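This report refers to the structure that appears directly beneath it.
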2 protein chains.
Amino acid sequence: MPTNRRAARGVSMADVARLAGVSAQTVSRVSNGHPSVVESTRRQVLDAMQELGYRPNSAARALKRGEFRTLGIILFTLATTGNSRTVEAIATHAAREGYAITLIPVAVPTQDGVLGAFTRLGELAVDGIIVIMEVHLLDAADLTLPPNVPVVVVDSDAGDRYPVVDTDQADGARQATRHLLDLGHPTVHHVAGPVESFAAGRRLQAWSDTLRSSGRPVPEVQRGDWSAESGYRAGLALAADPGCTAVFAANDQMALGVMRALHEAGRAIPGDVSVVGFDDLPDSPAYLPPLTTVHQDFAEMGRRCVDTLLRQLRREPGRPGTDLVPTRLVLRDSTAPHARA
Amino acid sequence: MPTNRRAARGVSMADVARLAGVSAQTVSRVSNGHPSVVESTRRQVLDAMQELGYRPNSAARALKRGEFRTLGIILFTLATTGNSRTVEAIATHAAREGYAITLIPVAVPTQDGVLGAFTRLGELAVDGIIVIMEVHLLDAADLTLPPNVPVVVVDSDAGDRYPVVDTDQADGARQATRHLLDLGHPTVHHVAGPVESFAAGRRLQAWSDTLRSSGRPVPEVQRGDWSAESGYRAGLALAADPGCTAVFAANDQMALGVMRALHEAGRAIPGDVSVVGFDDLPDSPAYLPPLTTVHQDFAEMGRRCVDTLLRQLRREPGRPGTDLVPTRLVLRDSTAPHARA
DNA sequence: GGATGTGATGTTTACGTTAACATCGTGGTG
DNA sequence: CACCACGATGTTAACGTAAACATCACATCC
């Protein structure tokens, strides 16, 4: 067992080369699996590396190669399920392609203006950037995306400025609304996400479009902030309206809150009121009752984000514009045919 | 408006220096906010940077400075709330200290052995590593932490090998169990997390210790995997046991599942059965009924992780061993005094 | 007015790696 | 046997930045 007395910090190829009795270039070749190194030499070098605790300096490597093999993700928060699952999917797929992921959390602008150390995004050691938020919110946070760095955007309408990958929000909302109408409900109430969210806007728009094109009245919108708590507040308002028999919540968490409010008000789900969510959280089958909801394919999203970005990096021709990942409605127990009075 | 005709890729200090009519060193000084640059020169340099679309090459910078200003986080998944919230807290606090975060997802070993590109963790461009999992699981995944890189571990008992930061699992579980006993329940049933999880083990241990030290019987443990679905299955088993009046679930999601199972079995919560969770998810106040649970302070965890790691990086004296973040019990509506028969 | 200090800027060099080119020996070929 | 091809290894230079040192102009002091 080698005694790693010597600090790894500062062990360079030159040190390894000296100990192994070869040139630094040969060490480099071994380190990169280059074929033209004879087995005996290779062994010697590997032994020397082991003994000295050598590890390649990726800064030097990146400098030489002109790339970091790292992608950056800019977002406000990981706290929403959508974001954390998207990030996970991106990280997994990027790893498969040999890229690491750097997380760049941006303090919300309202939050006493402290932006941390990332006022100068250009200094980040990344080859490309994935932005998970509305682009104009970046501007609001006083951040400018570095020019000439490939960018992909999620949850935004920046299709003209950058390639966009997104869940097909509109189609998901349409399916949810349609489903409730098909069950015979005269109309569908909506608990929307925050105004700043592009996804929330698209879901809202598709909901009202669907109602309108079916000649149904469009009830007043309840605004939430994605949290179950805000859904609860919206639910209290809806429970007070006896004409409300069907609710489409813009995400599962708010649907959870809505259901609690309805339950407390003595409205049975789905007997009196049907509820549909959006996201298909892992927990939603365990809600009371199990929630009918729109399934988002986060893994596919992550895959497409990475692929789109890598295609730009490699200067391959990419279809520009917006790339929509399909959704599908998952039927569970929170929806039922309208009980006609 | 400058025409960014020239590709930013390849714009170096030398280019900026040439255009501004100064030396590269002066550009460097401007770039780093060094004080001894006269205002007029600084302006010239900044204008030249702007015109050329210059952005510092962080690889070269890292090479020169010998540090990346980046911390790596190794984990299996972001899908659990605990992980994603810990990561978010770490990222936020690290940013405040001027460090970026690199995410290193590790495919679970069982998952057809594909480890992606990270077999050689040593090549990562990070100054320190935070491991969010049991260390021995890393070994199982055939990964070796690079020697001489500062490491902090979360959710592990590696206290002898590395500094550990963790939630005070034992105390949280003790509070939960105590609370139920104090309400008069003869004993407390437990829905535990998966056997691989250190946190799950600690919660289980503290639960049974608490029961034993109070002279109570220790019921058979139900095993879950953190998911609401697994909690539901455990809940079905518990609902079948008329002697079960108090349940401590090892996390909120499983508590959610337990409550659904109890509800379906016609057991009222908290009338017939009291339920306590662990985590205090943002959603748990919206559960039916709002869940009494053990609050974890993820922000504090993230802060301590980063601080501990940075202290090692700066070679400051650090208290070694395990650093426990306190928990507190949040009382809501899912627990009530035992209704004596 | 010459010595001295000070602040602004320039020059040199090294960080660790790898592409490109150079060298050297070995074995095969006509 | 002279020549060439080829595989293994070595040498050189460059990637972009910043520390250390050098220089220069000018103000200050006796």
Side-chain angles (χ1 to χ4, degrees), chain A residues 6-46 48-49 52-69 120 122-127 146 148, chain B residues 6-46 48-49 52-69 120 122-127 146 148:
Chain A
R6 182 157 182 173
R9 165 78 117 175
V11 176
S12 74
M13 282 193 164
D15 301 314
V16 176
R18 204 168 308 119
L19 179 62
V22 298
S23 73
Q25 182 58 40
T26 299
V27 177
S28 169
R29 283 194 262 255
V30 171
S31 182
N32 291 327
H34 194 286
S36 75
V37 178
V38 105
E39 186 51 31
S40 62
T41 311
R42 154 181 245 85
R43 270 257 69 80
Q44 262 176 301
V45 172
L46 288 175
M49 284 179 170
L52 295 177
Y54 168 78
R55 39 190 213 106
N57 179 318
S58 26
R61 189 171 275 188
L63 173 58
K64 198 73 181 72
R65 299 209 276 223
E67 59 166 18
F68 299 100
R69 300 209 141 260
R120 294 149 83 190
E123 297 183 12
L124 288 166
V126 298
D127 300 312
N148 301 301
Chain B
R6 183 157 182 170
R9 166 79 117 177
V11 176
S12 75
M13 282 193 163
D15 302 314
V16 176
R18 203 168 310 119
L19 180 61
V22 299
S23 73
Q25 184 56 40
T26 299
V27 177
S28 169
R29 283 194 261 257
V30 171
S31 182
N32 292 328
H34 194 287
S36 76
V37 178
V38 104
E39 186 52 29
S40 62
T41 312
R42 158 182 242 83
R43 268 258 72 79
Q44 262 175 302
V45 172
L46 288 175
M49 284 179 170
L52 295 177
Y54 169 77
R55 42 192 210 104
N57 179 319
S58 25
R61 187 171 278 187
L63 173 58
K64 197 73 182 69
R65 300 207 277 222
E67 59 167 18
F68 300 98
R69 301 207 140 260
R120 294 150 82 191
E123 297 185 11
L124 288 166
V126 299
D127 302 311
N148 299 302

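Remember, it's a predicted structure, so these values are computed and weren't measured experimentally. Quick note on labels: first sequence line is chain A, next is B, and so on, each numbered from 1.
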Next on the checklist: So, does B:R65 get its side chain near the phosphate of D:dT17, meaning an N or O under 4.0 Å from OP1 or OP2?
Outcome noted: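 For D:dT17, OP1/OP2 do not have a side-chain N/O of B:R65 under 4.0 Å.
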
Next on the checklist: Less than 4.0 angstrom between a side-chain N/O of B:N57 and OP1 or OP2 of D:dC15, yes or no?
Outcome noted: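 No, B:N57 has no side-chain N/O under 4.0 Å of OP1/OP2 on D:dC15.
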
Could you state the atom-to-atom distance from [atom1] of [X] to [atom2] of [N] in whole Å?
{"X": "B:R29", "N": "D:dG16", "atom1": "CZ", "atom2": "P", "value": "20 Å"}
{"X": "B:Y54", "N": "D:dG16", "atom1": "OH", "atom2": "P", "value": "10 Å"}
{"X": "B:E67", "N": "D:dA18", "atom1": "CD", "atom2": "P", "value": "12 Å"}
{"X": "B:D15", "N": "D:dG16", "atom1": "CG", "atom2": "P", "value": "8 Å"}
{"X": "A:R18", "N": "D:dT9", "atom1": "CZ", "atom2": "P", "value": "19 Å"}
{"X": "A:R61", "N": "D:dG16", "atom1": "CZ", "atom2": "P", "value": "18 Å"}
{"X": "B:Q25", "N": "D:dA19", "atom1": "CD", "atom2": "P", "value": "7 Å"}
{"X": "A:K64", "N": "D:dC15", "atom1": "NZ", "atom2": "P", "value": "8 Å"}

Write down the atom of [X], the atom of [Y], and the distance for their closest heavy-atom approach.
{"X": "B:D127", "Y": "B:F68", "answer": "OD1-N, 2.8 Å"}
{"X": "B:M13", "Y": "B:S31", "answer": "CE-CB, 4.2 Å"}
{"X": "B:A20", "Y": "B:A48", "answer": "CB-CB, 3.9 Å"}
{"X": "A:A59", "Y": "B:A62", "answer": "CB-CB, 3.7 Å"}

Item to check | Estimated bend of the helix from C:dG1-D:dC30 to C:dG30-D:dC1 (axis per five terminal pairs, rounded to 10 degrees) | outcome: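 For the helix from C:dG1-D:dC30 to C:dG30-D:dC1, the axes at either end differ by 50°.
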
Touch check for [X], heavy atoms < 4.0 angstrom, all strands: base, sugar-phosphate only, or nothing?
{"X": "B:V37", "result": "sugar-phosphate"}
{"X": "B:M13", "result": "sugar-phosphate"}
{"X": "B:T26", "result": "sugar-phosphate"}

Checklist entry - If you measure from OG1 on A:T26 to CZ on A:R42, what distance do you get to the nearest 0.5 Å? => result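 So the OG1 of A:T26 and the CZ of A:R42 are separated by 11.0 Å.
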
Next on the checklist: Nearest 0.5 angstrom please: A:L63 CG to A:S58 OG, how far?
Outcome noted: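 Rounded to the nearest 0.5 Å, the CG-OG separation comes to 11.5 Å.
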
Checklist entry - More 5' along DNA chain C: B:S36 or A:A24, using each one's nearest nucleotide? => result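 Closest to the 5' end, via its nearest nucleotide, is B:S36.
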
Checklist entry - Considering only heavy atoms from C-beta outward, does the side chain of A:V27 approach that of A:M49 to under 4.5 Å? => result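 Side chain of A:V27 against side chain of A:M49, heavy atoms only: contact under 4.5 Å found.
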
Checklist entry - Do the side chains of A:R61 and A:N32 get nearer than 4.5 Å, heavy atoms only? => result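 Touching, per the 4.5 Å side-chain cut-off.
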
Item to check | Boundaries of the chain B footprint along DNA chain C (any atom under 4.0 Å from a heavy atom) | outcome: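 Going 5' to 3' along DNA chain C, contacts run C:dA8 to C:dG16.
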
